[in-house]
Amino acid sequence: MPNTSSMTPNALTGFVSDILAGGGLSRPQAEALARVIVAGERDGCKSHGVYRVEGILRTLKAGKVRGDAVPVLQTGDGAIVRVDAGGGFSNLAFETGLPALVERTRTLGLAALVINDCTHFSALWHEVEALTGHGLAGIAMCPSYATVAPAGGVEPLLGTNPFAFGWPRPGGAPYVFDFATSVVARGEIELYRRSGRELPEGWAVDAQGRPTTDPEAALAGAMLTFGSYKGSAISTMIELLAGTMIDDFTSREALDWLGTTKYAPKHGELILAFDPKRFAGAGSKGNPLDRAEILLDAIVGQGARLPSQRRYTARARSAENGIVLSEQERAELDRLMREGIAGVTE
Ligand code: NDP
Ligand code: PYC
């Protein structure tokens, strides 16, 4: 393949971590970020892959995130585990809270992890997959910043508000979906802009509220929710549960605080975890995980694909061939490694 280079997932994780640490992040923050970004690149999730490295450093340079934040865990004998991210990125805060969330869920059957005061830009599947790795089901959600119009409106108010679900599968990759509640993630529109492609119709309106397929006009206008009023309602639920309920920013408040969409947004995140076996009680209808297999096999049996199937295929390809980066992507990482935060425009 011409004009590409490849690195093993481990090598790329180390490389990205070094860029971020060289740019001013503490090593624990840099490593947690690198793990998530490289997992995205490995799984073919380009909208939250290595192109985000510059945005992380830009946010740091602007003083909109604390690069040396140490998350503080607060847990007890209740169902709510809290982590104060201290103005740092969400990823280290999630890793800090995960063991307590797993322990509380096993003990109580269900528990929640509330992360407050975090800068958040990453994909959520990584987090629900971490829960399925412990045999638990999980839901993760967070607001973003106001870039999406509610159905029937044309003004940015909601965020692209991601929503992810994971279910453990004995002996196999978990059932996981993870989507923006806008038609696509904003990162996807940015990738269309960078490659000079027109957007499909129905993704966005321009600043005057007219339908547009121009990525620049879409970024300056408002994105649309998926499934019209249905996506709009789910997005609103996320604002309520993972914004106001957890005493953190809604997407509008996040944008007001940040003042621009140039930097990664700061808000909170809510992760719910369930122990399926505890919910099933005596399990008179059978083991819930085994019964789930019947359903999931029946979906595939119709020729439909499960969400994350494309991602797992990409993961296997990366394990075999390394993570393939374009010449431009590799050059950008090399530049950031050389120039550090000085090479980032605010
Ligand atoms: P996509 O529309 O690309 O995919 C959404 C989900 O649907 C994935 O789980 C995908 O699986 C699955 N899927 C896609 N096509 C099919 C199909 N034909 N049949 C079955 N399942 C399918 O993602 P989005 O653009 O909506 O979101 C991308 C990412 O952006 C997410 O990871 C999200 O967390 C992240 N995000 C983060 C935000 C933040 O503030 N932190 C804000 C918004 C989004 P597969 O991957 O295998 O294709
Ligand atoms: O891609 O929509 C997005 C997004 C917003 C914040 C982080 N990612």
Side-chain angles (χ1 to χ4, degrees), residues 33 36-37 39-49 51-52 55-56 58-59 64-65 89-91 93-94 115 118-129 139-148 156 158-167 173-193 199-200 203-204 215 218-219 222-227 231 234-235 238-239 242-243 248-251 254-255 258 260-271 296 299-300 302-317:
L33 281 159
V36 171
I37 287 178
E41 201 64 42
R42 178 201 66 197
D43 281 16
C45 301
K46 301 292 281 187
S47 71
H48 290 78
Y51 107 82
R52 295 276 176 176
I56 293 170
R58 181 176 295 121
T59 308
K64 293 294 188 182
V65 65
F89 286 98
S90 62
N91 314 84
F94 174 77
I115 301 175
C118 65
T119 289
H120 197 302
F121 70 89
S122 48
L124 299 185
W125 56 260
H126 198 258
E127 298 177 354
V128 293
E129 257 196 65
I139 292 175
M141 64 185 96
C142 65
S144 177
Y145 41 26
T147 52
V148 178
L158 306 169
T160 49
N161 301 1
F163 190 73
F165 171 73
W167 177 270
Y175 176 89
V176 170
F177 69 73
D178 175 20
F179 50 71
T181 46
S182 42
V183 179
V184 286
R186 191 167 178 83
E188 193 67 31
I189 296 193
E190 171 60 17
L191 294 181
Y192 269 74
R193 189 192 68 78
L199 303 176
W203 284 17
L219 292 170
M223 297 169 66
L224 300 177
T225 57
F226 84 89
I234 294 175
S235 182
I238 293 169
E239 300 283 344
D248 216 308
F249 284 158
T250 61
S251 294
L255 184 58
L258 209 57
T260 171
T261 55
K262 276 197 303 185
Y263 311 126
K266 180 166 106 146
H267 45 73
E269 182 179 353
L270 177 64
I271 298 124
L296 298 174
I299 294 173
V300 177
Q302 291 195 11
R305 84 141 157 109
L306 296 179
S308 290
Q309 194 176 305
R310 177 203 61 83
R311 213 160 50 69
Y312 297 143
T313 303
R315 185 179 299 182
R317 205 168 39 240

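Order of appearance sets the numbers: ligands from 1, and atoms from 1 within every ligand.
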Trainee: Considering only heavy atoms, which of Gly55, Gly187, Ser47 lies nearest to atom 1 (O) of ligand 2?
Mentor: Gly187
Trainee: Suppose we measure from atom 4 (O) of ligand 1 to each protein heavy atom; which comes out shortest, and what is that distance?
Mentor: Asp178 O, 4.0 Å
Trainee: His48 versus ligand 1: do any nitrogen or oxygen atoms come within less than 3.5 Å of each other?
Mentor: yes
Trainee: Could you check Lys46, Arg52, His48 and say which one makes a side chain to side chain donor-acceptor pair (under 3.5 Å) with Glu41?
Mentor: Lys46
Trainee: In the protein, what heavy atom is nearest to atom 8 (N) of ligand 2, and what distance, to one decimal place, separates them?
Mentor: His48 NE2, 3.0 Å
Trainee: So Tyr175 and Phe177, would you call those rings parallel, tilted or perpendicular, with 30° and 60° as cut-offs?
Mentor: perpendicular
Trainee: Is there a donor in the side chain of Arg310 and an acceptor in the side chain of Thr313, or the other way round, less than 3.5 Å apart?
Mentor: no
Trainee: Start with the C-alpha gap between Met223 and Val183, add the side-chain angles, then the distance that decides, and say whether side-chain contact (heavy atoms from CB on, under 4.5 Å) holds.
Mentor: CA-CA 8 Å; Met223 297 169 66; Val183 179; over 6 Å; no
Trainee: I need the nearest protein heavy-atom contact for atom 21 (N) of ligand 1: residue, atom name and distance, please.
Mentor: Pro307 CA, 3.4 Å
Trainee: Suppose I only count heavy atoms of Thr160 and a 4.0 Å limit; which atoms of ligand 2 are within that range?
Mentor: 2 (O), 3 (C), 4 (C), 5 (C)
Trainee: Within a strict 4.5 Å, meaning less than it, do heavy atoms of the Ile139 and Phe163 side chains meet?
Mentor: yes
Trainee: Under 4.0 angstrom from ligand 1, any heavy atom of Ser308?
Mentor: yes
Trainee: Could you verify whether a donor N or O on one side chain and an acceptor N or O on the other, from Ser235 and Asn161, lie under 3.5 Å apart?
Mentor: yes
Trainee: Please write down residue, atom name and distance for the protein heavy atom closest to atom 38 (C) of ligand 1.
Mentor: Pro162 CG, 3.4 Å
Trainee: Under a 4.0 Å heavy-atom limit, does Ser122 contact ligand 1 with its side chain, its backbone, both, or neither?
Mentor: backbone
Trainee: Can you list the atoms of ligand 2 that are under 4.0 Å from a heavy atom of Phe121?
Mentor: 7 (C), 8 (N)
Trainee: Assess whether side-chain contact (heavy atoms from CB on, under 4.5 Å) is satisfied between Tyr145 and Phe249, documenting all intermediate values.
Mentor: CA-CA 9 Å; Tyr145 41 26; Phe249 284 158; over 6 Å; no
Trainee: Are any of the N or O atoms of Cys142 closer than 3.5 Å to those of ligand 1?
Mentor: no
Trainee: Could you tell me which non-hydrogen atom of Pro143 sits nearest to which non-hydrogen atom of Ser251, and how far apart they are?
Mentor: CB-OG, 3.4 Å
Trainee: For ligand 1, which atoms, with element, lie under 4.0 Å from some heavy atom of Phe121?
Mentor: 41 (N)
Trainee: Judging by distance only, is a nitrogen or oxygen of Arg311 under 3.5 angstrom from one on ligand 1?
Mentor: yes
Trainee: To the nearest 0.5 Å, what is the distance between CZ on Phe165 and OG on Ser308?
Mentor: 11.5 Å
Trainee: Among protein heavy atoms, which sits nearest to atom 3 (C) of ligand 2, and what does the distance come to when rounded to 0.1 Å?
Mentor: Arg186 N, 3.3 Å
Trainee: Pick one of side chain, backbone, both or neither for how Met223 approaches ligand 2, counting any non-hydrogen atom pair under 4.0 Å.
Mentor: neither
Trainee: Yes or no: does His267 have any heavy atom under 4.0 Å from an atom of ligand 2?
Mentor: no
Trainee: Can you report which non-hydrogen protein atom sits closest to atom 42 (C) of ligand 1, along with the distance?
Mentor: Thr160 OG1, 3.1 Å
Trainee: Please confirm whether Cys45 comes under 4.0 Å of ligand 1, counting heavy atoms of the residue only.
Mentor: no
Trainee: Nearest protein heavy atom to atom 27 (O) of ligand 1, by residue and atom, and its distance?
Mentor: Ala180 N, 3.5 Å
Trainee: Who's the nearest protein heavy-atom neighbour of atom 2 (O) of ligand 1, and how far?
Mentor: Val183 O, 4.8 Å
Trainee: What is the closest protein heavy atom to atom 22 (C) of ligand 1, and at what distance does it sit?
Mentor: Arg305 NH1, 3.5 Å
Trainee: In plain terms, say whether Glu129 and Arg315 are close enough for a salt bridge, that is, a side-chain N and a carboxylate O under 4.0 Å apart.
Mentor: yes
Trainee: If the contact criterion is a heavy-atom separation under 4.0 Å, does Glu188 count as touching ligand 1?
Mentor: no
Trainee: Check the orientation of Phe89 and Phe121. Use parallel for under 30°, tilted for 30 to 60°, and perpendicular for over 60°.
Mentor: perpendicular
Trainee: Counting heavy atoms only, which of Ser122, Ala123, Ser144 is nearest atom 5 (C) of ligand 2?
Mentor: Ser144
Trainee: Among all protein non-hydrogen atoms, which one is nearest to atom 48 (O) of ligand 1, and what is the separation to 0.1 Å?
Mentor: Arg310 NE, 2.8 Å
Trainee: For atom 7 (O) of ligand 1, is the nearest protein heavy atom under 4.0 Å away?
Mentor: no
Trainee: Measure the spacing between NE2 of His126 and CZ of Phe94 and express it to the nearest 0.5 Å.
Mentor: 8.5 Å
